[in-house]
Amino acid sequence: MGMFYTFLENTGFAAMTWGNFLMIIIGIVFITLAITKDYEPLLLVPIGFGVVVGNIPPVAGMALSVYDDGSVLQYIYFGVSQGVFPPLIFLGIGAMTDFSTMLSNPKLILLGAAAQVGIFLTFIGALYLGFTPSEAGAIGIIGGADGPTAIFLSSKLAPHLLGSIAIAAYSYMALVPVIQPPIMKLLTTKNERLIRMKTPRQVSRKEKIIFPIGAFLICGLIAPGSMVLIGMLFFGNLLKESLVTDRLANTARNAMIDIVTILLGFSVGASTAAKYFLTSQSLLIFGLGALSFCIATAGGIMFAKFMNLFLKDKINPLVGAAGVSAVPDSARVVHTVGLQEDPANFLLMHAMAPNGAGVIGSAIGAGILWTVLVL
Amino acid sequence: MGMFYTFLENTGFAAMTWGNFLMIIIGIVFITLAITKDYEPLLLVPIGFGVVVGNIPPVAGMALSVYDDGSVLQYIYFGVSQGVFPPLIFLGIGAMTDFSTMLSNPKLILLGAAAQVGIFLTFIGALYLGFTPSEAGAIGIIGGADGPTAIFLSSKLAPHLLGSIAIAAYSYMALVPVIQPPIMKLLTTKNERLIRMKTPRQVSRKEKIIFPIGAFLICGLIAPGSMVLIGMLFFGNLLKESLVTDRLANTARNAMIDIVTILLGFSVGASTAAKYFLTSQSLLIFGLGALSFCIATAGGIMFAKFMNLFLKDKINPLVGAAGVSAVPDSARVVHTVGLQEDPANFLLMHAMAPNGAGVIGSAIGAGILWTVLVL
Amino acid sequence: MGMFYTFLENTGFAAMTWGNFLMIIIGIVFITLAITKDYEPLLLVPIGFGVVVGNIPPVAGMALSVYDDGSVLQYIYFGVSQGVFPPLIFLGIGAMTDFSTMLSNPKLILLGAAAQVGIFLTFIGALYLGFTPSEAGAIGIIGGADGPTAIFLSSKLAPHLLGSIAIAAYSYMALVPVIQPPIMKLLTTKNERLIRMKTPRQVSRKEKIIFPIGAFLICGLIAPGSMVLIGMLFFGNLLKESLVTDRLANTARNAMIDIVTILLGFSVGASTAAKYFLTSQSLLIFGLGALSFCIATAGGIMFAKFMNLFLKDKINPLVGAAGVSAVPDSARVVHTVGLQEDPANFLLMHAMAPNGAGVIGSAIGAGILWTVLVL
Amino acid sequence: MNFSWQNIIDGNGIGITITGMMIVFSGLLFISLFIAVLPRVLKLKDHFTSSPKTTAEVPATVAAPPSEEEIMAVISLVLHLELERSLGEGHKLTISRQKRQGSIWASAGKMRSLSEGGTHA
Amino acid sequence: MNFSWQNIIDGNGIGITITGMMIVFSGLLFISLFIAVLPRVLKLKDHFTSSPKTTAEVPATVAAPPSEEEIMAVISLVLHLELERSLGEGHKLTISRQKRQGSIWASAGKMRSLSEGGTHA
Amino acid sequence: MNFSWQNIIDGNGIGITITGMMIVFSGLLFISLFIAVLPRVLKLKDHFTSSPKTTAEVPATVAAPPSEEEIMAVISLVLHLELERSLGEGHKLTISRQKRQGSIWASAGKMRSLSEGGTHA
Ligand code: NA
Ligand code: NA
Ligand code: NA
């Protein structure tokens, strides 16, 4: 009977803390939001379930959790902690992204640059709050609104904050349809929101094939730190656009990205054991993250208005909000807000250009921060 | 010409032992049974071919076999020896399993608990035969009738017996249609076998979604050692039932589980080099394994008969035999034996409930044994 | 502002060498050939883009390139440097290859043996040029005209030459439609090229199932060093031919081989940083590689003519050229050259037999070289 | 190896067995109770937050009666799905496989991609 | 944690921010210029190497007007693709899923392959 | 690097080459003989264990002549398979791809899943 009590002491019930309990509730909330509100289900469901699993109190002496050497979860988490999964996800994203609208209207790319101001202002904010420069850099990248980039940079600059940063990034990405619209309406007039943009021209196959190679060379040479992420993104896109490697592109954007997404989401979630996650730092990170999304959105919109001062064919400044990455949700948000003013103004196509540029921009930003803060 | 003789000395012909020869025959028998009798082909073909490959005598000094550091086979076997593959297989199984019948008739779950008596009585038997407690625990799990669980626990408790235990578990799982029917007929009367069960009620989508989360929390808290296996099983099931992550569920139950199955089966087979496999221990393990399947089957059936003493809606005791895991073969065996008595009595649906419960039950059992024997 | 200059010093522009520039051009040429000429696109596109990525000058102190410990590219390259990817590609090839024509005309298998003379004569040539025996062995295998085999053997015998050998092997494999026809026409008379061969007999399912097991045993016992490559090839083929494991064969020849091909091609390409790749050794390797393809082609053709001295049913000596591996391009080249002489002479089917035998033959050759040179 | 009852006592076999079976049973019993209670809890919750949304959604999909063409199309679809399934099960329909293989041979310049043309290829 | 403006100065926050934004902007500006120039360069190049090949290829695919059967077949195909897509999106068509599952249960001897019969299964 | 015949002798080049070619030839010769003998052995074995099972199974699949609807369905199926194959080969049918992409944009709330709607998606 002593054996039974010994075992009981090692059940989760005994070791359960209020923190674990809270985290399990959070995990369930993630899953619920994903299912009922359809917020980023492909990431929130794996992360949410991972959070639940990661907060079952592990038994001392058994290799169970992400933090125990030789545990299965640690092997899976290896792809996160070493930054291997994010480039593979970028490969799949590249193989599913159509850069046509960007190619047909290159001006809009600059909106994707402007939105990255969210990264750097958040970096300053994090410095102010007392984070070390490396930590601040990793936190700043939440403003890039790009989950894989955030995980990649955190794994290099501040592995101990990886969980909080990843969860913050994905949470706010899921909440893009909630966060962006008020800012968009606040910073634009009704007339601006009514601007119609010209139908983009047709792009030739040759342009589509040359683009990923040329754009990679530019990014890679300017910010070598972004080489792996950007390289995989454009490699995937070349596999897609070359047409001769269609079966590879197909696998990259289906089986491969799915497998990586499952393992990444689940193990990131499982790394949020209350003991490591529920800290005042995490709270600050969540605060800064919310701020960074707002700044990024505002940055894109304001730069669109600035560009309009010089342009003959005006840009609808709503499109600037898609300069944060959050592909394709922020583009859809732009589209929806545009439709509210004018049901015949279809902004989705136009918003895809800064959306794609935002992904590239935040990867470059990550490369810069990595270079500057690691050397 | 001396070179030629040197090489000849290093061919397999020279180093071949009778043990290797016997094992190669066994591998070919596995493949033959899989192809001609359709016994578990998805596992017996990879294992069988792996056995053949693993018994080609390797050349001393070359990194060839599963046991040579730095060999390709060892890298593949890593997923087995560290217990990484079994949870990934559980993920896929979760993503393909429909727990509806279990949800509609919760009483039947207990049959899946009763069948686990096979695990613990085999554990006692193995202790009696002189195995250490850790070894005995790993051998006992064969009675769980669940290949991935057996590999997982063996990799934690008795890595040196992993090959024998895995081969025994999969062999008997393949032989379920041969092993179970006589026991089922022996322990039941004709009248019992004729019992018809009520059509299960329709289960709502909400129940299906909440079930994997709630059931995981119960299992994880009661037996944290089962956290990884059970977690992956219910994670896969949530991916399936949430409907919003259908592409992930699809990949988990297709490309992902297939890849893992190929690598697991092949490398488990390749680990059965005669030198390590043909021992008296292996013989004892095979004997105990056969016994454990019989006990587990009997346990499920007898508990169904015991429950009938108290129930108004009687359970057909044949259904109890599906309480061993061996999904879905043991459920099909129940169905077939039922049809032999009454061609209009369709037990398949009912048998799926204890069948699923058996998977959960043996994973809990593995968690308990791991906790008790490792600490 | 000092910061900006510091960063500029770390951009790729500053560190770029003429070697890098040349390699990037080569990478772009690879991609262009793959897309416009359809030369081996599934390999040349990944390799070509990898070459571009691998020649962006990395920043000292950052883990970026294949050669930096802990970089993402190094983790991916691990599958190449440890020889894990080639057997997995062989698995997929096995699962897509139909050995029927080989089974129906076993004589043609010998042509696949004769073509391996390219391996060994190149080995002698490399020795003459001053390479160490191990290096010479790895270079010789280019003559096997089989990319995965070349990578596998190089990773074992001469890891420092792996990049050059792999690029040479894949380049010449892509150029098979350019290299082979002149040699074929030079070594055969018009009458020989007009020879029609008998329609092969129908092969039973049983033969197809027994073949991979029997053939593996022969190869594995004769040259255990070829065990892993040949084992995976025939394992894949058994998965396909057994019919009962069709879902596994399907995944092996689709998702699995695609994933491995993407990672292998990209990381092999990325390993060709100018600093390591642009050496006089590489030039010699490319020269020897071209020679080896010619010798292999000639070997196959001449042996076919030799066999014709004794045969009643003459072999069309063009078919001998398919004895190099390069599946299925060299078989298609044979077919095309045959059609040029006689538009009604369909040699494709016949050429598949030596083509498959060539894969097996070069894997055996690799096994021999590994055994002889490592022990 | 020495066979002996003492081994069982030394290894605490009986204790572990009883404990183990108790925990396995209690785990599955809890799940059983949870499942039994779940639909009632959900019904109770629905009672408080009555939402006619879910029922309203369904009729939208039930549209006009199908035309003859649609019926024909559905027949062919079912046939296709059936075929796909049976291809997956045991490849009785070797005809279509052969055809696919053939068409790949005919296509130019694909070296290592002799796939049978599944949706991945 | 101490909140302080000094942290920003110590961490060179302003310098990194200005440098960073300049590089991000210059990177995307270069890409923008590259894209803007690209079609003109390609047109220039085509001007020198005028190749009527590509235009000649297209008409080959435009063949005889489709027969009634072909139209019917196309309808069913579109329906199928539509169905496949919606299955991928949110599984409204549970009927077909159920069917597939059933057919696998019926098939003999597949132990762990309870897939829903996708093309992989 | 010094070019020299001595290197070949030092590296035992001739010996390895002769040995290597002998083994490669003997390996493939054994396979060749194995293949040549195999059908005879199988026939011999069938002779002793004559089993009319396999032949009996086939006729079961040859059923009633197909109705007009079935023929139509088969046409559409073949068309579909053909289409699927050519999509896999080189994407000449860009129309259908475009459509799929479009329909995904229209669907709500899928962030990183911009797949083109293959069966996986
Ligand atoms: Na961004
Ligand atoms: Na079980
Ligand atoms: Na070869």
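Atoms considered below: every heavy atom in the structure, side chains included; atoms not considered: hydrogens, waters and symmetry mates. Letters A, B, ... are given to chains in the order of the sequence lines, protein chains preceding strands, and every chain is numbered from 1.
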Answer with side chain, backbone, both or neither: which region of A:L217 has an atom nearer than 4.5 Å to a non-hydrogen atom of chain E?
neither
Does any part of the side chain of E:I31, heavy atoms only, come nearer than 4.5 Å to the side chain of A:C219, both counted from C-beta?
yes
Best-contacting candidate, A:I364, A:I218, A:I360, A:L121, against chain E by heavy atom pairs under 4.5 angstrom:
A:I218
Quick check for you: to the nearest 0.5 Å, what is the distance between A:Q116 atom CD and E:I23 atom CD1?
13.5 Å
What is the ring orientation for E:F25 with A:F303, classed by angle as parallel under 30°, tilted 30 to 60°, or perpendicular over 60°?
tilted
Taking it one step at a time, do E:F34 and A:I210 satisfy side chain to side chain contact (heavy atoms under 4.5 Å, CB included)?
CA-CA 10 Å; E:F34 166 66; A:I210 295 172; 4.0 Å; yes
In terms of heavy-atom contacts, A:P106 and E:S32 come closest through O-OG, 2.9 Å
Would you mind reporting whether E:I16 and A:I368 have side-chain heavy atoms less than 4.5 Å apart?
no
Under 4.5 Å between any side-chain heavy atoms of A:V117 and E:T17, yes or no?
no
For each of A:G361, A:A357, A:S362, A:G365, tally heavy-atom pairs with chain E at distances under 4.5 Å, and name the one with the top tally.
A:G361
Might you point out which heavy atoms bring E:G27 and A:I222 nearest each other, and give the distance in Å?
CA-CD1, 3.6 Å
Ignoring hydrogens, what is the shortest heavy-atom contact between E:V24 and A:F120? Give both atom names and the distance.
CG2-CE1, 4.1 Å
Determine whether more than 12 heavy atoms belonging to other residues, nucleotides or ligands lie under 6.0 Å from atom CE of A:M307.
yes
Min side-chain heavy-atom separation A:I124-E:W5 under 4.5 Å
no
Which atoms of A:R201 approach chain E - backbone, side chain, both or neither, heavy atom under 4.5 Å:
side chain
Quick one: pull up CG in A:L127 and CD1 in E:I8 and give me the separation to the nearest 0.5 Å.
6.5 Å
Tell me, do A:K206 and E:P39 make a side-chain contact under 4.5 Å, heavy atoms counted?
no
Taking all heavy atoms of E:L29 and all of A:L110, pick out the closest pair and write down the distance.
CD1-CD2, 3.7 Å
Non-hydrogen side-chain atoms of A:Y128 and E:N7 separated by less than 4.5 Å
no
Toward chain E, the part of A:A114 with a non-hydrogen atom under 4.5 Å:
both
